[in-house]
Amino acid sequence: KISVTVKAAGWNGKSNQTIKVEVIGAGTASVTSLTLDAYTTASTGTLPWPTENVDQSFTVTGADATTQLKISSGTVDKRFMNDDLKCVTY
């Protein structure tokens, strides 16, 4: 089993943005998508990276050496930010 955590936010003020989560190879993710909160541009006086509501997590069961993760944008809002992607086996 793999625990996956990532910080992610919608790009340039877009809230409720959905990104896709896929497993390529062996394994099944506990989610098929993640919903992101809005990112607000620095020109509005806020930080360029949100400080709240950016932590996302899910698990992958049945993973092996062939397992790959694909995190991609949806069809409407194609840009998002991510940071601190961590995959931990347990």
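Side chains included, hydrogens not; waters and symmetry mates left out as well; all remaining heavy atoms used. Sequence positions, counted from 1, serve as the residue numbers for this chain.
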Tell me, please, which residues at least two apart from [X] pass side chain to side chain contact (heavy atoms under 4.5 Å, CB included).
{"X": "T89", "answer": "I2"}
{"X": "S57", "answer": "T5"}
{"X": "K1", "answer": "T59, T61, Y90"}

So, do [X] and [Y] sit near enough that their side-chain heavy atoms are less than 4.5 Å apart?
{"X": "D55", "Y": "K7", "value": "yes"}
{"X": "T67", "Y": "V23", "value": "yes"}
{"X": "N82", "Y": "I71", "value": "no"}

For this session: Using modelled atom types only, decide if a donor and an acceptor are shared between the side chain of Q56 and the backbone of A9 within a distance under 3.5 Å.
Result: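 Such a contact is absent between Q56 side chain and A9 backbone.
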
Give the minimum heavy-atom separation between [X] and [Y], together with the two atoms involved.
{"X": "A26", "Y": "T66", "answer": "N-OG1, 3.5 Å"}
{"X": "F80", "Y": "S73", "answer": "CE2-N, 3.6 Å"}
{"X": "L36", "Y": "A8", "answer": "CD2-CB, 3.6 Å"}
{"X": "L69", "Y": "V60", "answer": "CD2-CG2, 3.8 Å"}

Exercise. CD/E22 to OG1/T32 distance, rounded to the nearest 0.5 angstrom?
Worked result: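 Spacing of CD (E22) from OG1 (T32) equals 9.5 Å.
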
Exercise. By salt bridge (Lys or Arg N to Asp or Glu O under 4.0 Å), which residues pair with D64, not counting sequence neighbours?
Worked result: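 D64 satisfies salt bridge (Lys or Arg N to Asp or Glu O under 4.0 Å) with no residue once adjacent residues are dropped.
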
